[in-house]
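Everything below concerns the one structure shown next.
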Protein chains: 2
Amino acid sequence: MALTISDIAKLSEVSTATVSRVINSPEKVSESTRKKVMEVIKKHNYQPSGLAQSFRTKKSKTLALFIYDIDNPFYAKLIKELNKMAFDRDYTLIICDTENNKDRELEYINYINQNKIEGLIMTEGISTDHFNKLNNNMYLVCIDRDLDCELPYLRVTTNNRESVAKAIEYLVNLNHKKIAFVSGPKDVKTSIERKNGYLDIIKKYELPVDGDYIYQGDFKRESGSNALDYFLSLSELPSAIFCSNDLMAEGLLARALSLNIDIPNELSLIGFDGVSKALYKPLTTIKQDIHGIAKTSINGLISMIEGGVKGNTVKEISGEFLIGETCRRLKSGEE
Amino acid sequence: MALTISDIAKLSEVSTATVSRVINSPEKVSESTRKKVMEVIKKHNYQPSGLAQSFRTKKSKTLALFIYDIDNPFYAKLIKELNKMAFDRDYTLIICDTENNKDRELEYINYINQNKIEGLIMTEGISTDHFNKLNNNMYLVCIDRDLDCELPYLRVTTNNRESVAKAIEYLVNLNHKKIAFVSGPKDVKTSIERKNGYLDIIKKYELPVDGDYIYQGDFKRESGSNALDYFLSLSELPSAIFCSNDLMAEGLLARALSLNIDIPNELSLIGFDGVSKALYKPLTTIKQDIHGIAKTSINGLISMIEGGVKGNTVKEISGEFLIGETCRRLKSGEE
DNA sequence: TTGAAAGCGCTAACAG
DNA sequence: CTGTTAGCGCTTTCAA
């Protein structure tokens with residue numbers, strides 16, 4: 001059996017309180033006893049029981065991440081970053097894979113309450129109903145997401161609207177006029193913002209774009225492929241398509257390849273996220289600063305937890321427009 | 001503050017012991033008191049503190065997963081399955097992203113010891129030195145991996161050798177003779193087994209294949225692309241290439257596309273894993289039964305933990321050969 | 001079938 | 001600066 005604090009206390013000929021101090025607030029212990037105790041600790045490779053510490057302090061040092069699509073490489077990367085940063089700050093991160101399923105969410109909420117999870121990071125796509133059941137001293141961060149809930153929270157987001165606007169404007173500068181847009185799911189904040197960015201530029205340049213050039217996708221690869229089929233069914237094919245995420249751009253590109261449609265020569269394409277790799281040509285896209293998002297989220301969350309303060313704040317992280325090889329400049333006059 | 005067991009005891013006019021029994025072994029309580037207590041529990045939505053339970057029983061109900069490449073979609077899917085199954089069995093799964101870094105591993109091993117993690121699932125690519133530091137009542141499962149360690153463990157693996165042999169034989173039956181192979185990293189068990197499957201068939205049919213047709217990759221996408229460049233530099237291009245995982249096959253395919261090499265008309269291609277989606281044509285591949293692997297791993301691990309037994313066992317899960325559209329039948333005589 | 005009581009390993013007043 | 005002591009919320013003998 002592993003040694004306990006009282007074993008160490010006996011071996012060091014001090015009290016358990018002193019051992020505890022050596023571990024948690026060494027400055028409160030005289031150098032000589034600290035040394036003495038540390039030696040014993042080292043010698044026996046004593047490690048305090050995390051279970052006992054958590055129990056005693058009522059702090060689990062655990063965070064939970066709500067996510068609904070681990071398969072999306074954007075989220076896979078985000079998980080990687082968050083997990084790493086949490087661990088580096090001595091917190092454990094639990095992945096709650098909700099699959100957008102309400103029962104699942106509820107189970108996780110119960111889990112969170114039972115296990116004294118200290119903070120929650122939420123990503124898109126989760127229903128809102130259950131969140132009142134959260135312990136109301138829960139600390140919250142929402143990444144790219146709005147939450148209808150009494151609890152205040154930190155919102156971390158990419159500047160979706162401006163980034164998309166920039167990308168669309170880039171197409172305009174390449175003389176594109178017939179620019180189509182593949183959106184994400186209807187009620188999702190990021191979807192809406194990205195679409196607004198598109199509409200901003202359409203309006204600004206008074207481009208002749210009607211509803212036909214907007215296809216509602218769902219952020220999944222397949223809807224990109226469906227989008228292309230839809231646009232092909234129109235009387236006038238757009239000359240450029242913006243997809244609201246890379247996954248859909250990939251789907252669209254794959255479909256184009258299989259139909260022998262040359263990108264960018266016949267069709268220009270832009271994505272969003274900056275996580276595509278499998279393509280034969282680098283995708284022009286808006287790269288989200290996943291590292292920055294993760295860092296802001298974890299640091300923000302932990303400082304709320306440790307400072308005991310909450311508040312509604314928004315931190316916007318800039319996306320980076322990456323020019324790949326999937327857009328072509330139209331000759332003037334060309335459509 | 002949340003209610004505690006003694007609050008419930010008072011409200012139900014029984015002892016805490018009885019409340020505990022109602023929760024953990026209701027059969028030991030008379031129906032009437034059980035009902036009475038359950039009502040109070042329901043009414044107040046009492047949830048026992050997981051922290052206290054873990055502390056008291058010294059069972060964290062937590063498993064850890066060692067992984068080094070969350071980005072690889074095979075692992076992303078595996079994580080998803082494992083996470084879900086663990087949760088369904090009331091265990092928490094912690095993701096230890098080692099990044100193949102020894103210090104990181106050591107930190108995680110310490111974490112595991114401190115927090116009384118009950119079981120460990122390991123995947124490929126982790127060094128072996130630290131594992132002696134593991135509490136020696138740790139329960140272990142290795143997925144597709146061998147471990148040099150005193151602890152007995154359950155090994156769960158796809159029948160790599162046979163699956164690859166089957167795929168290569170398929171190429172032979174399509175009249176391919178010049179079949180090249182892109183391996184994974186050198187010392188990794190699955191790499192070796194997959195290569196052996198290839199060599200088995202090469203030998204069986206006495207195919208004229210020398211070392212030139214074997215390229216050592218590293219399971220990353222980029223090495224697939226490099227592999228193609230390498231094969232193109234040979235005096236005789238192979239007519240078919242087997243990649244030891246899908247990621248490398250994707251890389252190779254992307255490179256082929258950008259070089260205008262038609263797959264499968266100029267070159268046949270097979271992968272391994274069954275996780276590719278981004279391709280313009282479905283990849284012929286060996287699909288690993290990720291669900292089965294996860295299920296066997298979690299169930300095996302938990303029954304070891306709860307049964308208190310360990311043992312060296314191997315469970316082989318069959319891969320499924322999936323014929324996509326990346327292989328072509330050669331006319332007899334054609335090379 | 002139930003209750004009393006001890007104690008898991010640690011931290012945090014409080015007193016000295 | 002250090003020790004004593006109480007107690008976190010739960011489970012588990014042991015006795016009744």
Side-chain angles (χ1 to χ4, degrees), chain A residues 1-38 40-41 44-62 90 111 113-118 135 137 306 308, chain B residues 1-38 40-41 44-62 90 113-118 135 137 306:
Chain A
M1 226 24 239
L3 292 184
T4 70
I5 198 171
S6 70
D7 295 324
I8 300 301
K10 272 174 212 150
L11 289 166
S12 326
E13 298 173 302
V14 296
S15 70
T16 60
T18 297
V19 178
S20 176
R21 284 185 201 107
V22 169
I23 293 166
N24 300 301
S25 38
E27 73 282 1
K28 292 187 184 162
V29 178
S30 77
E31 194 179 329
S32 59
T33 48
R34 188 180 3 145
K35 262 192 163 170
K36 188 173 60 175
V37 174
M38 278 308 293
V40 177
I41 288 178
H44 296 273
N45 190 30
Y46 164 71
Q47 291 174 299
S49 155
L51 249 35
Q53 287 177 315
S54 293
F55 168 62
R56 175 58 230 241
T57 59
K58 294 185 178 8
K59 305 222 174 291
S60 63
K61 296 268 244 174
T62 301
D90 275 321
Y111 173 86
N113 286 332
Q114 265 196 43
N115 292 279
K116 308 273 178 292
I117 304 293
E118 299 186 63
N135 205 320
N137 54 358
E306 299 190 342
Chain B
M1 225 24 237
L3 291 184
T4 71
I5 197 171
S6 69
D7 296 324
I8 300 301
K10 272 173 211 148
L11 289 165
S12 327
E13 298 173 301
V14 296
S15 70
T16 60
T18 297
V19 178
S20 176
R21 284 186 199 107
V22 168
I23 292 165
N24 300 301
S25 37
E27 73 282 1
K28 290 186 184 161
V29 178
S30 77
E31 196 178 327
S32 59
T33 47
R34 189 183 358 150
K35 263 191 164 170
K36 187 174 60 177
V37 174
M38 278 308 293
V40 177
I41 288 178
H44 297 272
N45 190 29
Y46 165 69
Q47 291 175 300
S49 153
L51 248 36
Q53 287 177 316
S54 292
F55 168 61
R56 175 57 231 241
T57 60
K58 294 185 179 7
K59 304 220 174 294
S60 64
K61 295 267 240 173
T62 302
D90 275 321
N113 286 332
Q114 267 196 41
N115 291 280
K116 307 275 178 291
I117 303 294
E118 298 187 64
N135 205 320
N137 55 357
E306 299 189 342

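In what follows, every chain begins at residue 1, and chains take the letters A, B, ... in the order their sequences are listed.
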Check for a donor-acceptor pair, side chain of B:Ser60 on one end and backbone N or O of B:Lys116 on the other, with a separation under 3.5 Å.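 Yes, because the side chain of B:Ser60 sits within donor-acceptor range (under 3.5 Å) of the backbone of B:Lys116.
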Main chain of B:Lys28, side chain of B:Ser25: is a donor-acceptor contact present, judged purely on distance under 3.5 Å?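 Absent.
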Over its full length, what angle do the end axes of the helix from C:dT1-D:dA16 to C:dG16-D:dC1 make, each axis taken from five pairs and the result rounded to 10 degrees?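 Inter-axis angle at the termini of the helix from C:dT1-D:dA16 to C:dG16-D:dC1: 30°.
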With side chains defined as the heavy atoms from C-beta onward, is the minimum distance between [X] and [Y] less than 4.5 Å?
X       : Y       : value
A:Thr18 : A:Ser15 : yes
B:Leu51 : A:Lys58 : no
B:Val14 : B:Lys36 : yes
A:Ile23 : A:Ile41 : yes
B:Tyr46 : B:Leu11 : no

Least distance between heavy atoms, [X] atom then [Y] atom:
X       : Y       : result
A:Gln53 : A:Pro48 : NE2-CB, 3.7 Å
B:Arg34 : B:Val29 : N-CG1, 3.7 Å
A:Asp7  : A:Leu3  : OD2-CA, 3.4 Å

B:Lys59, NZ atom: more than 12 neighbouring heavy atoms under 6.0 Å: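 Atom NZ in B:Lys59 is not packed in, count stays at 12 or less.
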A:Glu13 atom CD: more than 12 heavy-atom contacts under 6.0 Å: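 Not more than 12 within 6.0 Å, no.
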Atom CE in A:Met38, atom CD in A:Glu31: separation rounded to 0.5 Å?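 If we round to the nearest 0.5 Å, A:Met38:CE and A:Glu31:CD are 12.5 Å apart.
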Rounded to the nearest 0.5 Å, how far apart are OG of B:Ser49 and CZ of B:Phe55?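 Spacing of OG (B:Ser49) from CZ (B:Phe55) equals 11.0 Å.
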Hey, does the side-chain of A:Arg56 have a donor or acceptor N/O within less than 3.5 Å of a partner on the base of D:dG9?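 Under the 3.5 Å cut-off, the side chain and the base do not form any donor-acceptor pair.
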Selection: [range], any non-hydrogen atom under 4.0 Å of DNA chain D:
range                     : result
residues 47-54 of chain A : none
residues 26-35 of chain B : none
residues 4-20 of chain B  : B:Thr4, B:Ile5, B:Thr16, B:Ala17, B:Ser20

With a cut-off of less than 4.0 Å, is there a side-chain N or O of B:Tyr46 near OP1 or OP2 of D:dG9?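 So the side chain of B:Tyr46 is outside the cut-off, no N or O lying under 4.0 Å from OP1 or OP2 of D:dG9.
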If the condition is ring pair (Phe, Tyr, Trp, His ring centres under 6.0 Å), which residues does A:Tyr111 pass it with, not counting sequence neighbours?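 Ring pair (Phe, Tyr, Trp, His ring centres under 6.0 Å) check on A:Tyr111 returns B:Phe87.
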Nucleotide range of DNA chain C contacted by chain A, 5' to 3', under 4.0 Å to a heavy atom?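 Contact boundaries, 5' end first: C:dG9 to C:dA13.
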Length of the line joining B:Arg21:CZ and D:dT12:C1', which is rounded to integer Å: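 Taking CZ of B:Arg21 and C1' of D:dT12, I get 8 Å after rounding.
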